[in-house]
Amino acid sequence: MAVLRADRAIPDSVVRHRLDGETALRYLLIGLFGLFLYLFVLYPMSKVLWRSLLNNDGAFIGAANYVRYFSTPAIAASITNSLYVSVVAMVVTVCLAFVYAYALTRTLTPWRGPFRVVAMLPIFAPSLVQGIAFVYIFGNNGIWTRLTDINIGVYGAKGIIMAEVFYCFPHAMLILIAALTATDARLYDAAAALGASKLKTFFTVTLPGVKYGLMSACFVVFTLVITDFGAPKVIGGKFSVMATEIYNQVIGQQNFTMGATVSVVLLVPALVAFVVDRLIQRRQYALVSSSAKPLEPRKNPLAEWGLFAYCALIAGSIAAIYLVILVVSLVDRWPYRLAFTLKHYAFDTVGGYSPLLNSVYVSALTAVVGTAVAFLGAYLVEKWRTRARAPLYALSLLPVSIPGMVLGLAYIFTFNVSGSILNRLYGTLAILVISNLIHYFTVPFLTATTSLKQMDAEFENVGASMGVPFYKTFWRVTVPIALPSIISISMYLFLNAMVTLSAVVFLVAPGTELAAVAVLLMDDAGDTAQAAAMSVLIIAVGLIVRFVYWLLMRGVTRRTQAWTQTAPDQAAVMGTGSLK
Amino acid sequence: MTATAPRPPAVELDGIAKKFGEVVALKSVSLSVGEGEFVCFLGPSGCGKTTLIRIIAGLELQNAGVVRMGGPDVSALPPSERNYGIVFQSYALFPNLTVARNVAYGLETRRTPRAEIERRVDELLDLVHLRPHKGRYPAQLSGGEQQRVALARALAPSPSLLLLDEPLSALDARVRQSLRLEIKALQRRLGITTIMVTHDQEEALTMADRIVVMNHGVVEQIGSPFEIYTEPSSLFVARFVGHMNFIPATACERPGWVRVGSVELRHRPGPTPPPGSRLTLAIRPEEILIGPAARDGENRIVTRVCAMQFLGAFTRLGLALPGESRPTLECDVAVNALAEVGVREGAELPLVLKPEALRLFPDGG
């Protein structure tokens, strides 16, 4: 029978299981994931930091580079310039996107579906496309300038802000739509029952409810703008921001140490925005309970027509930008000879279609490899609470706060080292895939983590209790359940890899040119019509891929309908509203 | 259980201790489970019962102590080598696999021929009466059906030990009642050693051969449901299992007697506390005698009816002791007896607290 022993000190160590093949495999995978993150995130970043403390001959000079940076007005201006355009673009974008998202989610404004689709267009274009379009509209020879004879002086801060607002609009809109959708109709019922006016309800219920969403949108837009390189490059003129400053130092003056210095400084605002955003998101959780009732918008013709006009204006402007790009790419010489031609699609200056094909190839590889790494990584981190968990998690979140220019520069310092084994990667398509994968790693990693968290924590334990190895349960249960997330992760990676410029601009080599870089080079060379043509093709590829994913997702949903559907008796209670 | 069991116990725990950081979850737990026995770990949430079953399963690593299964020490074996089946509170059914494939999950990796697997799956689904549902997905089943699929899946590879972690707590009361009987009958039929974790004392009382009552990482009492109910070894067990009246009392000079307010009562024979010490008397509501049985006898007191709570088959009376205005005693009276005795709110009610039913605990447990 039971013997209760006297209390004695409990040792801190645990009785370990003997190491079997499965556990060894687990440790091996975790080790490989750690090595991957070290080699492609931590080590390159430490190289940038270190390089910023050296002079161009490689001697240690402490903070001298920073002193020079802050005391040279021409370079130091890039900091205030960057902050200025980022803050203004952030405020404008979030305000515009809030009203737009409000119209789409909280009102019965007509054409909500088409408005939403049109507003997503900028996601499919590199950021410099907006810049090129504004040059064509408001530039010295732009259509607006010629028609009205008013030159608004688009080259500089004004142009950058305009281009960034359009570039960031869908990102802010998506966050705000999510925030505005997650609400509880009972709060509005309560406010109405208490006799609150519409205005009062807006300020006491609506705004507090989307507070975190608004803040999140602000941080995302701020980070996107301050790290963006494309738009300031094509429309910024002499107005220098930090991202273009890095480019000028590295490509223009071959001054790598100053490039590293500006990079480290650029890391600061991006890191701060990231950390604050994480803290806010952590608090956002319990805002809407699972018993919340969705809000059904009521009819309000006056507001609806006002908002319809607003949405039509914004959607129309967005559509106009891409229409301009399309038209410019298809006419002989804008705005002098408007005859239809396909000659700009020959891309004679950048070697024909190879940049586009490279881009598709690199994007596809990024999607496949990146999805596998992000999902496996999230699985390793989420399922096995080893001591390596916290550092691996932190290293997986870090990339989102690394500006693309900084990552690209870091990879030059890491992989362009003669004599090093890492040098083998330099100038290959592989390094482009890896840099894209790391640059866009965090969002897929978090998406995968979320979908893994939603799964029953005991799946592997059930398998283990029956002697089924974890990798079988992973393949037969975890992956099929997470398939929708896996598909959306790969789409995210593909689309981003297709349009990114900042991380890869330092890494492309002869033979590995990419489409977005080609746009930049052709624009630089004055072949703006060809740049527009290439942009059209990038957008077209993005849209086609998006459509394919939509078909894929529909197929998956149809196939998994049987097992995601709720039991008949439960469905009757909950109503059809909860059926996916 | 005899001290000289011919076979080693199916599960034997020796000095199991576990802490999470600085929080001690289990302090040296030792117990054994016999072959074919159904043992319940019963206790409030946070008492360590789930941690204990997870240590047996090898899903949690103990800081000290040894787990033996059928004799040999299995402490160093990973879960996959311990030969048990487990049903979790959430069931953890694989949502993307049909009922049949869920049940077959543990068989498919054991190089069993396909026809053999199908036969075994059908056999198990018959056992839990779910064969008509074999092609459905878990989401298309009710909670109780899902629970039975989880049970069939755990039993499919013919494990020598079945672990049930709060298997019924996610179900509604009616389904829970019928599944209790079904699981118990199944366990009897298969003769499989079973350990179940529950916080529901009724569940433990109806299902278990033996109950292990736990509190704060310590085993409070081990015994048959009858022993646990009738002879709780501590105030905690008395409080946790069943309904119990607690009356503050003081030990009298006369051994075997205690003073409650103005009356002296004789309690059941046992250790004699020093006179004047504070004690707690415990008696179950159904052990209080009223009506004809309370006309005379030892420990007869006259109480006042303060409250009457209608509970269907019986009515629970709130009774104030002599000289008190608030109820300290609760007494359950069947509906017809209520009319016979003529209980009214505010009226006096004589009753007898049989000395054998008056258990004595030192104050503070």
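Throughout, protein chains are lettered first and strands after them, A, B, ... in sequence-line order, and every chain is numbered starting at 1.
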Heavy-atom pair of closest approach, residues [X] and [Y]:
X        : Y         : result
Asn63(B) : Ser13(A)  : ND2-O, 3.2 Å
Val24(B) : Ile10(A)  : CG1-CD1, 3.6 Å
Pro95(B) : Ile481(A) : CG-CD1, 3.3 Å
Ser80(B) : Asp20(A)  : OG-OD2, 4.3 Å

Atom [atom1] of [X]: over 12 foreign heavy atoms under 6.0 Å:
X         : atom1 : answer
Phe474(A) : CZ    : yes
Tyr471(A) : OH    : no
His216(B) : NE2   : no
Phe20(B)  : CZ    : yes

Working for side chain to side chain contact (heavy atoms under 4.5 Å, CB included), residues Arg18(A) and Leu77(B): CA-CA 6 Å; Arg18(A) 113 186 122 59; Leu77(B) 293 186; 3.7 Å; yes

Rounded to the nearest 0.5 Å, what's the gap from CD on Glu460(A) to CG on Leu59(B)? Could you check?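 These two atoms lie 11.0 Å from each other.
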
If you round to the nearest 0.5 Å, how far is CE of Met466(A) from CG of Asn83(B)?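 The CG atom of Asn83(B) sits 12.5 Å away from the CE atom of Met466(A).
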
Can Tyr91(B) and Asp456(A) be said to form a side chain to side chain contact (heavy atoms under 4.5 Å, CB included), step by step? CA-CA 9 Å; Tyr91(B) 318 142; Asp456(A) 198 309; over 6 Å; no

Do [X] and [Y] touch side chain to side chain, with heavy atoms closer than 4.5 Å?
X         : Y         : answer
Glu108(B) : Lys472(A) : no
Val14(A)  : Glu60(B)  : no
Val477(A) : Tyr105(B) : yes

Relative to chain B, which segment of Thr473(A) carries a heavy atom at a distance below 4.5 Å: side chain, backbone, both, or neither?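 For Thr473(A), the contact with chain B is made by backbone and side chain together.
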
Which of the residues [options] is involved in the greatest number of heavy-atom pairs with chain A at under 4.5 angstrom?
options                                 : value
Lys19(B), Glu81(B), Glu145(B)           : Lys19(B)
Ala17(B), Gly85(B), Ser90(B)            : Ser90(B)
Pro78(B), Pro79(B), Ser75(B), Ala150(B) : Pro78(B)
Gly58(B), Ala57(B), Ala154(B)           : Gly58(B)

Can you tell which part of [X] gets under 4.5 Å to a heavy atom of chain A, answering side chain, backbone, both or neither?
X         : answer
Leu26(B)  : backbone
Leu61(B)  : both
Arg153(B) : both
Val66(B)  : neither
Tyr84(B)  : both
Leu93(B)  : backbone

Most heavy-atom pairs under 4.5 angstrom with chain B, which of Arg476(A), Arg16(A), Glu22(A)?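 Maximum pair count with chain B is reached by Arg476(A).
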
